[in-house]
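The block underneath contains the structure these notes are about, expressed in C-alpha cells.
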Amino acid sequence: MNKTMEGLYSFLYLILILTILFSLHTQIADKLLIGHHPLHLKKSPHLPLRFSSDGTFKILQVADMHYGTGVLTSCKDVLASEFHYCSDLNTTHFLKRIIEAEKPDFIAFTGDNIFGSSTPDAAESLLRAFAPAMESGLPWAVVLGNHDQESTMTRLELMSFISLLDYSVSQINPSVEDASSAAKGDTITDIDGFGNYNLRVYGAPGSHSANRTVLDLFFLDSGDREVVQGVRTYGWIKESQLRWLHGVSKGYQDRKEDCHLLEGASPSATPTRCALAFFHIPIPEIRQLYYQKIIGQFQESVACSSVNSGVLQTLVSMGDVKAVFMGHDHKNDFCGNLEGIWFCYGGGFGYHAYGIAGWSRRARIILAELEKGEKSWMGMERIRTWKRLDDEKLSKLDEQVLWELHHAK
C-alpha cells in the first residue's frame, strides 16, 4: 500500500471517529444532568445594570419565600377554603404574576428564600424557588436569611450555587476593588458572612451619567443564629462588614460623588448618586418605630439580635444610603424613618411561610427616578415605593416617596 492510500485511509478513519463522536454528543448532550437538570452554561444578563431610557430603575423586593419542595409543600396561615389546593406553586404563581405586571428591571430576594428544614435537597429547592426569575431573563440578586442553610448546603455553598444560576448577579463576597484602599482583582476574605457585595447601577443610555454609577445597591449578610453569653439570639451585621461598607462609600465621597449634580456644575460633572441597602434580619432600632409614624402595618414584635453592632450609626455616617429593605418578620410590611433613613419591610411573600390567614401575601416595589435636565437625564431625583398584594387585582397600596432631591437640599 503506497503512502497516498495510507494517508487517505487515515483521513477517512479520522472522519469516521469524529462523526461517531458528534453523533454521540447530539444524542446525549441534552441528557447530561446535574441532579435532575440538564447541564448548561450560565446565562448572563446584560451588564452593567443601568437606568432605562425613561430615566427609571425599578426593583422588585421578594422577602421570605420559604420555598420547600414545590407542589408537595403545604401552605401556612391561609384560609381553610384555600388550604387543600395551596402549595409552593402559589408562591411561584405570585412571583410570575408580579414580574409580568410590574416589569421590574431587577429583582432583590431578601432572605429565607428556601425553608431549609422542609426540603431534603437545597439545590433542587433553590432551582424551583428562583425559576420565575431565571425564566424572566432579568438580573436578580440574593441575600440569605436565617433558614436557608438548614438543609443540605452551608451558607458558602448556597451563595456559590446561587451565583452560578442563570441571570443571577449575586456574589459570594466583594472584590477589593469595591473597597477604598486595595489593589483590584482580588477577593476580600477578612469579612464575616457570605453574600456581602455592591451592585452599581449606571445612568440612562445616552445621558451624561451613562458611564457613571448613579445608584448603589448594597447587599449584606445578617447571619442566622448565634449564642451570646449562653443565650441564643439572631445573627447581626458584623464590624468587618460595616468597615467594608463604609470604605465603599468613602471611596465615592473622596471622588466627590453625591446624590445630586452639584449646583452650577457642568453637564459632564459627576452625576447624582444614592444608595439602597438590602439585608434580612432587622436591626434593634426598628423597635422604636412602634411609637412613631409609619406607613404600613406593624403586626408582630421585631425579631432581631440582642447585639447592636452599630449598623444605623454607620449608615447615617455614610450619608448616601436613603433606604434599607428587610425581611424576616412576615407580618410587618411598614416603612419607618430612623435618623433620616427609611427602613422598609418587604412583607411575607411565600405561602409556606407563616403569615395571617386572610391577609394577602405581598411584594414591595422600589422605583428610582432620575432628574430630567435640559438635554439629558442627570442624577437621582426621587425614590418611591409601594406594595402589591397577591389578590385578583394585584392591589397596589401604601405608595410613598422615600427620598426626593429638592426636599433633601
Side-chain angles (χ1 to χ4, degrees), residues 25-26 28-50 52 57-71 88-89 91-116 119 121-145 148-149 151-175 187 194-202 217 219 221 278 349-350 363 365:
H25 172 75
T26 55
I28 70 171
D30 62 343
K31 298 181 178 63
L32 293 173
L33 303 178
I34 295 180
H36 303 292
H37 297 268
L39 177 66
H40 68 279
L41 295 177
K42 174 182 175 176
K43 298 176 183 177
S44 298
H46 295 295
L47 294 175
L49 301 176
R50 68 170 60 253
S52 301
F57 187 78
K58 183 185 284 188
I59 301 170
L60 166 63
Q61 181 197 3
V62 177
D64 298 275
M65 284 195 294
H66 276 232
Y67 211 93
T69 59
V71 69
D88 278 334
L89 298 189
T91 303
T92 297
H93 183 59
F94 182 25
L95 185 50
K96 288 181 177 180
R97 289 180 72 207
I98 199 72
I99 291 172
E100 177 62 28
E102 285 286 357
K103 295 179 172 54
D105 300 295
F106 179 81
I107 308 172
F109 294 93
T110 52
D112 283 359
N113 310 290
I114 64 173
F115 194 49
T119 175
D121 187 339
E124 184 71 21
S125 182
L126 290 168
L127 289 167
R128 290 175 182 266
F130 297 130
M134 291 188 282
E135 291 166 4
S136 74
L138 296 169
W140 55 279
V142 172
V143 290
L144 300 178
D148 290 286
Q149 78 292 334
S151 180
T152 55
M153 285 184 171
T154 65
R155 296 177 78 81
L156 171 58
E157 290 167 341
L158 286 164
M159 285 308 301
S160 299
F161 185 80
I162 291 168
S163 71
L164 297 174
L165 297 181
D166 286 348
Y167 303 107
S168 170
V169 290
S170 308
Q171 298 174 26
I172 302 170
N173 267 329
S175 60
T187 300
F194 301 99
N196 304 287
Y197 52 100
N198 173 33
L199 298 177
R200 304 176 183 184
V201 186
Y202 287 69
L217 307 178
F219 293 81
D221 181 9
F278 300 84
F349 189 97
I365 310 298

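All figures in this text were calculated on a predicted structure; none of them were measured in a lab.
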* To do: Report the C-alpha separation of Glu157 and Phe194 in whole Å, then their side-chain angles, then the decisive distance to 0.1 Å, and conclude whether the side-chain contact (heavy atoms from CB on, under 4.5 Å) test is met.
  => CA-CA 9 Å; Glu157 290 167 341; Phe194 301 99; over 6 Å; no
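A distance-only check finds a donor-acceptor pair linking the side chain of Asp88 to the backbone of Gly68 [under 3.5 Å]. With hydrogens and angles disregarded, a donor-acceptor distance shorter than 3.5 Å links the side chain of Asn113 to the backbone of Val143. Using a distance-only test at 3.5 Å, with no hydrogens or angles considered, no donor-acceptor pair links the side chain of Asn196 to the main chain of Asn173. Asp121 contributes a side-chain N or O that, together with a main-chain N or O of Ala123, makes up a donor-acceptor pair within less than 3.5 Å. Under a 3.5 Å cut-off, the side chain of Asp148 and the backbone N or O of Asp112 do form a donor-acceptor pair.
With values rounded to the nearest 0.5 angstrom, Thr110 atom OG1 is found 4.0 Å from Gln61 atom CD. Atom NE2 of His66 is separated from atom CZ of Phe115 by 6.0 Å, given to the nearest 0.5 angstrom. For the atom pair Leu156 CG and Leu144 CG, the distance stands at 10.0 Å (nearest 0.5 Å). Rounding to the nearest 0.5 angstrom, the gap separating the CD1 atom in Ile114 from the OG1 atom in Thr69 is 11.5 Å. The distance from the CG atom of Asp166 to the CG atom of Leu41 is 9.5 Å, given to the nearest 0.5 Å.
When each of Lys96, Arg97, Lys103 is paired with Glu100, the salt bridge (charged side-chain N to carboxylate O under 4.0 Å, His left out) condition holds for Lys103 and for no other.
Contact check for Ile99 versus Glu135: no side-chain heavy atoms found under the 4.5 Å cut-off. Counting only heavy atoms from C-beta outward, the side chains of Asp105 and Lys58 approach each other to under 4.5 Å. Side-chain contact check for Tyr197 versus Met159: some heavy-atom pair is nearer than 4.5 Å. In this structure, the side chains of Pro132 and Thr92 come closer than 4.5 Å at one or more pairs of heavy atoms. Side-chain contact between Phe219 and Leu199: present, with at least one pair of heavy atoms (C-beta onward) separated by less than 4.5 Å. Inter-residue side-chain proximity for Leu127 and Phe161 is flagged as met; some heavy-atom pair is nearer than 4.5 Å. You'll find the side chain of Pro174 stays beyond 4.5 Å of the side chain of Asn198, heavy atoms only. Within the 4.5 Å cutoff, the side chain of Ile59 has heavy atoms near those of the Phe278 side chain.
Judged by distance alone, the side chains of Glu124 and Thr119 never bring a donor and an acceptor atom under 3.5 Å apart.
When all heavy atoms are compared, the tightest approach of Leu95 to Met65 is CD2-SD, 4.3 Å. In plain terms, the two heavy atoms of Tyr67 and Arg128 that are nearest each other are CE2-CB, 3.5 Å. Of all heavy-atom pairs between Ala122 and Ser151, the closest is N-OG, 3.5 Å. Heavy-atom minimum distance, Ala141 versus Phe106: CB-CZ, 3.6 Å.
With sequence neighbours excluded, no residue forms a side chain to side chain donor-acceptor pair (under 3.5 Å) with Ser136. Residues that satisfy the side chain to side chain donor-acceptor pair (under 3.5 Å) test with Ser168, not counting sequence neighbours, are Ser170. With sequence neighbours excluded, no residue satisfies side chain to side chain donor-acceptor pair (under 3.5 Å) with Ser163.
Note on ring orientation: taking the six-membered ring where Trp is involved, the planes of Phe349 and Phe94 are parallel (angle under 30°, cut-offs 30° and 60°). Between Phe130 and Phe109, the two ring planes are perpendicular [angle over 60°; tilted spans 30° to 60°].
With a 6.0 Å radius and a threshold of 12 heavy atoms from other residues, nucleotides or ligands, Lys43 has its NZ atom at or below the threshold.
Under the 4.0 Å criterion applied to side-chain N and carboxylate O atoms, Asp221 and Arg155 are assigned as salt-bridge partners.
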